[in-house]
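Reckoned from all heavy atoms, side chains included, excluding hydrogens, waters and symmetry mates.
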Amino acid sequence: MQISTLRVLMVLCVSVLLTACGPSIYLAQDFRAYAPKHKTVAILPAAVTMQLRPNQMKNTTQAQLQDMELKSGVDFQEKIYSWLLRRKTQRGYTVEFQDVMQTNSRLRESNIPYSELRSRSPQELAKILGVDAVLSTSVRTTKPMSDGAAVAVGLLVGTWGATNQANITVNIHEGEAGKLLWKYDYVAAGSVFSSTENIVDALMRNASKKFPYTPKS
C-alpha cells in the first residue's frame with residue numbers, strides 16, 4: 001500500500017515539474033480596430049537570456065554564452081513560425097506570417113544584429129520588414145532550451161542538473177503606432193534536455209486559445 005502511494009506521489013511530482021504555471025494574457029480593448037488592417041505579421045528571433053549557475057559560468061566564456069543565446073533565439077523563432085503555419089489552416093488565422101528567412105535576411109541587410117533587436121522600436125522593425133505587426137518573444141531560462149545549447153553547456157560544465165525553468169513572454173505590436181496589442185506570459189519547467197520544440201508546443205498550445213488573429217477575435 002505504501003509503495004503504491006509512493007508511486008502515485010512520484011507521478012504527481014513529475015507532472016508538476018513538466019507543467020507550466022497558469023498563463024497571463026492581455027488583449028488590447030481596441031484590437032478589433034487594428035486587426036482588419038493587418039495582412040502580414042513578422043516573427044522576430046527570440047530574445048534569449050540564459051542564467052547559468054556560478055560554477056557553469058566559470059567554464060563558459062561570454063562569447064560562448066552569446067552564441068548559445070543567439071542559436072536558441074533563432075530556434076525559438078523557427079519553431080514558433082512552423083507552429084503558426086501548421087495551425088493557420090486549422091484555425092483560420094486572418095493574417096499571413098512572413099517567412100523567417102526573409103525576416104532575418106532583411107534584418108541583416110539593415111545591419112541590425114541580434115544583440116540590438118531589443119533596443120529597436122516595433123515601428124522601426126515593422127517598416128524595415130514591410131509588415132503590419134511584429135511578434136516578439138522574450139525567453140529567460142536557467143538552462144539552455146535548445147538541444148544543441150543544452151549539449152554545449154553539458155560538455156563545458158560537465159554536469160547537467162535536474163530541471164530548468166523558462167519564463168516566456170510573447171508580444172504583438174502594431175506596426176504604425178507601435179502599440180502593444182497582445183501579451184502572453186508563460187512559465188514552463190522540465191528536464192534540462194527539454195527541446196525547444198516541446199517548449200514551443202506547450203507554449204503555443206495554450207496561447208492558441210487566446211491567439212488574437214482568429215475570425216472570432
Novice: Taking all non-hydrogen atoms of both residues into account, name the closest pair between Met68 and Thr60 and its distance.
Specialist: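 Looking at all heavy atoms of both residues, the closest pair is CE-CG2, 3.9 Å.
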Novice: Verify whether one side chain among Thr169 and Asp185 offers a donor that lies under 3.5 Å from an acceptor in the other.
Specialist: yes
Novice: Less than 4.5 Å apart, side chain to side chain, heavy atoms only: is that true for Gln64 and Asp67?
Specialist: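 Of all side-chain heavy-atom pairs linking Asp67 with Gln64, none is under 4.5 Å.
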Novice: Between Glu96 and Lys88, is a salt bridge (Lys or Arg N to Asp or Glu O under 4.0 Å) present by the stated rule, with each step listed?
Specialist: CA-CA 8 Å; Glu96 298 293 331; Lys88 186 180 188 308; 3.4 Å; yes
Novice: In Å, rounded to the nearest 0.5 Å, how long is the span from CD of Gln77 to OH of Tyr114?
Specialist: 10.0 Å
Novice: Counting C-beta onward and ignoring hydrogens, is there a side-chain heavy-atom pair between Lys79 and Val74 closer than 4.5 Å?
Specialist: no
Novice: Which pair of non-hydrogen atoms, one from Lys210 and one from Ile25, has the smallest distance, and what is that distance?
Specialist: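 Between these two residues, the closest heavy atoms are CG-CD1, 3.3 Å.
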Novice: Any chance the rings of Tyr213 and Phe31 have centres within less than 6.0 Å?
Specialist: yes
Novice: Between Tyr93 and Phe211 (side chain of the first, backbone of the second, donor and acceptor by atom type, cut-off under 3.5 Å), is there such a pair?
Specialist: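 Such a contact is absent between Tyr93 side chain and Phe211 backbone.
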Novice: Does the Asn167 side chain pair with the main chain of Val187, one donor and one acceptor, at a distance under 3.5 Å?
Specialist: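 Between the backbone of Val187 and the side chain of Asn167 there is no qualifying donor-acceptor contact (under 3.5 Å).
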Novice: Do Val139 and Met50 make a side-chain contact, defined as non-hydrogen atoms from C-beta onward lying under 4.5 Å apart?
Specialist: no
Novice: From Ser138 OG over to Arg118 CZ, what is the distance, rounded to the nearest 0.5 angstrom?
Specialist: 6.0 Å
Novice: With side-chain contact (heavy atoms from CB on, under 4.5 Å) as the test, pick out the partner of Val131 among Val134, Ile128, Leu135.
Specialist: Val134
Novice: Does Arg86 pair with Asp201 as a salt bridge, N-O distance under 4.0 Å?
Specialist: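 Yes, this pair counts.
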Novice: Start with the C-alpha distance between Asn171 and Leu180, add both sets of side-chain angles, then the distance that settles side-chain contact (heavy atoms from CB on, under 4.5 Å), and finish with yes or no.
Specialist: CA-CA 7 Å; Asn171 295 318; Leu180 177 63; 3.8 Å; yes
Novice: Mind checking the CG-NE2 spacing from Leu44 to His173? Nearest 0.5 Å is all I need.
Specialist: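 Reported to 0.5 Å precision, the distance equals 10.5 Å.
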Novice: Listed by chain and number, what are the salt bridge (Lys or Arg N to Asp or Glu O under 4.0 Å) partners of Lys39, not counting sequence neighbours?
Specialist: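 In terms of salt bridge (Lys or Arg N to Asp or Glu O under 4.0 Å), with neighbours along the sequence ignored, Lys39 is linked to no residue.
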Novice: Please confirm whether the ring centroid of Tyr184 lies under 6.0 Å from the ring centroid of Trp182.
Specialist: yes
Novice: For the atom pair CG (Leu129) and OG1 (Thr40), what is the distance rounded to the nearest 0.5 Å?
Specialist: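 It comes to 11.0 Å.
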Novice: Considering all heavy atoms of both residues, which atom of Gly92 and which atom of Pro215 are nearest to each other, and what is their separation?
Specialist: O-CD, 3.2 Å
Novice: With heavy-atom distances below 4.5 Å as the criterion, would you say the side chains of Thr141 and Thr49 are in contact?
Specialist: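 Counting from C-beta outward, Thr141 and Thr49 never come under 4.5 Å.
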Novice: Quick one, Arg32 with Asp30, criterion salt bridge (Lys or Arg N to Asp or Glu O under 4.0 Å). Give me CA distance, side-chain angles, the key distance, then yes/no.
Specialist: CA-CA 5 Å; Arg32 292 175 184 270; Asp30 57 350; over 6 Å; no
Novice: If you look at every heavy atom in Gly175 and Ala126, which pair is closest and at what distance?
Specialist: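 Distance-wise, the nearest heavy atoms are CA-CB, 3.6 Å.
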Novice: Could Asp75 and Lys71 be called an ion pair, given the rule that one side-chain N must be under 4.0 Å from one carboxylate O?
Specialist: no
Novice: State, with a plain yes or no, whether a side-chain heavy atom of Lys127 is found less than 4.5 Å away from one of Leu125.
Specialist: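 A side-chain contact under 4.5 Å is absent here.
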Novice: Quick check: do Pro45 and Leu107 have side-chain heavy atoms less than 4.5 Å from each other?
Specialist: yes
Novice: With no hydrogens and no angle check, is any side-chain donor or acceptor of Gln123 less than 3.5 Å from a backbone partner on Ala177?
Specialist: yes
Novice: So, taking the atom named CD1 in Ile199 and the one named OH in Tyr186, what distance separates them when rounded to the nearest 0.5 Å?
Specialist: 7.0 Å
Novice: Between Phe97 and Tyr81 (judged by ring centroids, cut-off 6.0 Å), do the two rings come close enough to count as a pair?
Specialist: no
Novice: Given the rule in the side chain to side chain donor-acceptor pair (under 3.5 Å) test, do Gln98 and Thr103 qualify, once you have shown the distances and angles that lead to the verdict?
Specialist: CA-CA 7 Å; Gln98 186 177 72; Thr103 299; 2.6 Å; yes
Novice: Taking atom CD of Glu124 as the centre, does the number of heavy atoms from other residues, nucleotides or ligands within less than 6.0 Å exceed 12?
Specialist: yes
Novice: Do Ile80 and Leu85 share a hydrophobic cluster (ILVMFWY, side-chain heavy atoms under 4.5 Å, transitive)?
Specialist: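 Ile80 and Leu85: one cluster.
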Novice: Backbone N or O of Met101 within a donor-acceptor pair of the Ser105 side chain at under 3.5 Å?
Specialist: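 Judged by distance alone, no pair lies under 3.5 Å.
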Novice: Looking at every non-hydrogen atom in both residues, tell me the closest pair between Met204 and Leu84 and how far apart they are.
Specialist: CE-CD2, 3.7 Å
Novice: Assess whether atom CD of Gln66 is packed by more than 12 heavy atoms of other residues, nucleotides or ligands within 6.0 Å.
Specialist: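 Yes.
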Novice: Would you say Ser72 and Glu69 make side-chain contact, with heavy atoms under 4.5 Å?
Specialist: no
Novice: Rounded to the nearest 0.5 Å, how far does CG of Leu65 lie from CG of Leu70?
Specialist: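 Leu70 CG to Leu65 CG: 11.5 Å, rounded to 0.5 Å.
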Novice: Could you pull out the closest heavy-atom pair between Lys179 and Tyr34, with the gap in Å?
Specialist: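 Looking at all heavy atoms of both residues, the shortest contact is CD-OH, 3.8 Å.
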